[in-house]
Amino acid sequence: MACLALKLKLDGVPFNLDVTLCCGQVFRWRQLGGWWYGVVGEHVFKVRQVGNEVFYANVDESMVKRYFSLDHDLERIRLRTCRDAYVRQAFERFWGLRLIRQDPWECLISYVSAAWRNIPAINRSLQALAQAHGEKLSYDGQVFYAFPTPERLACVTEKSLRNCGLGYRARYIHEIAQQVSSGAFTLKRLRGMPYAQAWDELTVLRGVGPKVADCVLLFAFEKLEAFPVDVWVARVLKAHYARYMPEAVAKLAGGALSPSAYAKIGASARAYFGEYAGYAQQYLYHNERTCMQTRK
DNA sequence: CAGGTC
DNA sequence: GCTGG
């Protein structure tokens, strides 16, 4: 079915669609013929930006605004978060990057599958997973796949999950799907919880450690104080934040972080960057990945 | 060597 | 410990 594209005027609201979709927070978006195509829940839609206007089709405006968090006061976040020249420069470079409100289930499985792998490999196995077990959807003459539901993944064999390139993570994903589909674990419940409590709940799941929990809370549950620390963010902190949070950076000296060390780094980052620490994290993460590729 | 975890 | 880029 042909869908008419509608137009949303940003009217001064800062937004950069390309950076928002390319900064590594979300997977499975595809660029085709000048449009970005994405599947959110069971719904395919497309979107593109030309200057101060956002065009979209097969979706309503409120959904676009909600998904891309256009209601976040980015100017306020910038003022509140930019405590030093380094993070300020990252905000300037990628101004308009917004944290997306992802589907919690897909986000959870995405970041469980992301542990200790590079982004191309993550994209590949998430696509394979959707293609093998998700509902087939057609739009604009293209084929897309919804992300497989918990019920569906609970019925799939672990071996079938391994065939999607998930390696040993297949076991965690299978187990989590069973817990969620049976009702033993409820994702919706996390919505109303404060950050720390939701973090405690999530890390009960096998395959969900401190870092994965922070990603899910930041990208799907709008806990903007969550500060995921991965290898890239650890590099930024070591290189540029030793004088602002010395005790946290000292803990990054060795290899793997203990849960308590990870928690202290998060607490320091929240104390320093404030209630929107997650925004600082995403700007710094993307900045590090795009500008410092060759650094060890 | 990878958006860490058991 | 899997395993692809």
Side-chain angles (χ1 to χ4, degrees), chain A residues 19-29 90 94 97 99-100 102 106-129 131-132 157-176 179 199-221 223 226-239 248 251-266 269 277-296:
Chain A
V19 173
T20 296
L21 290 176
C22 290
C23 71
Q25 62 178 318
V26 68
F27 306 96
R28 295 208 321 127
W29 277 83
F94 302 114
L97 186 167
L99 292 171
I100 288 173
Q102 297 185 38
E106 176 166 354
C107 185
L108 172 61
I109 298 305
S110 296
Y111 281 96
V112 168
S113 85
W116 210 240
R117 294 201 305 168
N118 56 37
I119 288 184
I122 299 162
N123 272 314
R124 234 181 38 78
S125 57
L126 291 177
Q127 187 51 38
L129 190 63
Q131 194 159 337
T157 62
E158 193 183 312
K159 184 177 186 330
S160 170
L161 294 179
R162 279 183 181 262
N163 287 341
C164 298
L166 292 163
Y168 60 86
R169 302 160 197 85
R171 184 180 163 192
Y172 305 141
I173 290 170
H174 187 246
E175 194 175 295
I176 291 170
Q179 290 171 274
W199 190 93
D200 285 341
E201 293 284 334
L202 266 176
T203 49
V204 166
L205 296 171
R206 283 159 52 84
V208 180
K211 188 267 178 184
V212 172
D214 273 340
C215 287
V216 174
L217 292 173
L218 181 60
F219 301 139
F221 289 101
K223 308 300 183 199
F227 191 85
V229 180
D230 68 343
V231 291
W232 296 95
V233 173
R235 280 173 205 160
V236 176
L237 295 180
K238 276 193 276 194
K251 296 192 182 304
L252 293 166
L257 282 173
S258 71
S260 68
Y262 183 100
K264 284 180 182 170
I265 294 166
Y279 261 99
Q281 188 274 359
Q282 200 56 32
Y283 275 87
L284 292 171
Y285 170 81
H286 189 51
N287 185 58
E288 184 70 8
R289 277 181 47 82
T290 54
C291 305
M292 309 288 179
Q293 292 281 359
T294 54
R295 226 172 56 78
K296 162 63 180 129

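Taking a centre distance below 5.5 Å and an interplanar angle below 30 degrees as the stacking criterion, A/Tyr285 stacks against the six-membered base ring of B/dG3.
Taking atom CZ on A/Arg235 and atom C1' on B/dG3, their separation rounds to 11 Å, with Å as the unit. Put simply, CD1 on A/Ile119 is 18 Å from P on B/dC1, counting in whole angstrom units. Rounded to whole angstrom, the span from the CG atom of A/Leu126 across to the C1' atom of C/dG5 amounts to 16 Å. For the pair A/Asn118 CG and C/dC2 C1', the interatomic distance rounds to 13 Å; values are reported in whole Å. Taking atom CZ of residue A/Arg171 and atom C1' of nucleotide B/dC6, one finds them 9 Å apart after rounding to whole Å. In this structure, the CD1 atom of A/Ile173 is 16 Å from the P atom of C/dC2, given to the nearest Å.
A/Val208 comes within contact range of the sugar-phosphate backbone alone, with a heavy-atom separation under 4.0 Å but no base atom that close. No contact: A/Tyr262 has no heavy atom under 4.0 Å from any strand. No contact: A/Leu218 has no heavy atom under 4.0 Å from any strand. Within 4.0 Å of A/Glu175, counting heavy atoms only, lies no atom of the nucleic acid at all. Contact annotation for A/Gly24: base contact, defined as any heavy-atom pair under 4.0 Å involving a base atom.
Considering only the side chain of A/Val212, B/dT5 comes nearest among B/dG3, B/dA2, B/dT5. Distances were taken from every side-chain heavy atom of A/Arg206 (C-beta onward) to each of B/dC6, B/dG3, C/dC2; the shortest belongs to B/dC6. Comparing C/dC2, B/dG3, B/dT5 by their closest approach to the side chain of A/Arg162 singles out C/dC2.
Look at C/dT3: its Watson-Crick or wobble partner, with both distances under 3.5 angstrom, is B/dA2.
Counting heavy atoms from C-beta outward, A/Asn123 and A/Ile119 have side chains that approach closer than 4.5 Å.
The closest donor-acceptor contact from the side chain of A/Tyr285 to the backbone of A/Gln25 lies at 3.5 Å or more, if one exists at all.
You'll find a donor-acceptor pair under 3.5 Å spanning the side chain of A/Gln282 and the base of B/dG3, going by distance alone.
Distances shorter than 4.0 Å separate none of the side-chain N or O atoms of A/Trp116 from OP1 or OP2 on B/dA2. Residue A/Arg124 places no side-chain N or O under 4.0 Å from the OP1 or OP2 atom of C/dG4. The side chain of A/Arg169 contributes no N or O atom lying less than 4.0 Å from OP1 or OP2 of B/dA2.
Each of A/Gln281 and A/Thr203 was assigned the nucleotide of DNA chain B with the nearest heavy atom; the assignment lying further toward the 5' end belongs to A/Gln281.
Side-chain contact annotation: A/Ser110 with A/Arg28, donor-acceptor N/O pair under 3.5 Å absent.
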Practice task
Take A/Tyr111 and A/Phe27 through the ring pair (Phe, Tyr, Trp, His ring centres under 6.0 Å) test and state the conclusion after the steps.
Solution key: CA-CA 10 Å; A/Tyr111 281 96; A/Phe27 306 96; 5.4 Å; yes
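More than 12 heavy atoms of other residues, nucleotides or ligands sit less than 6.0 Å from atom CZ of A/Arg162.
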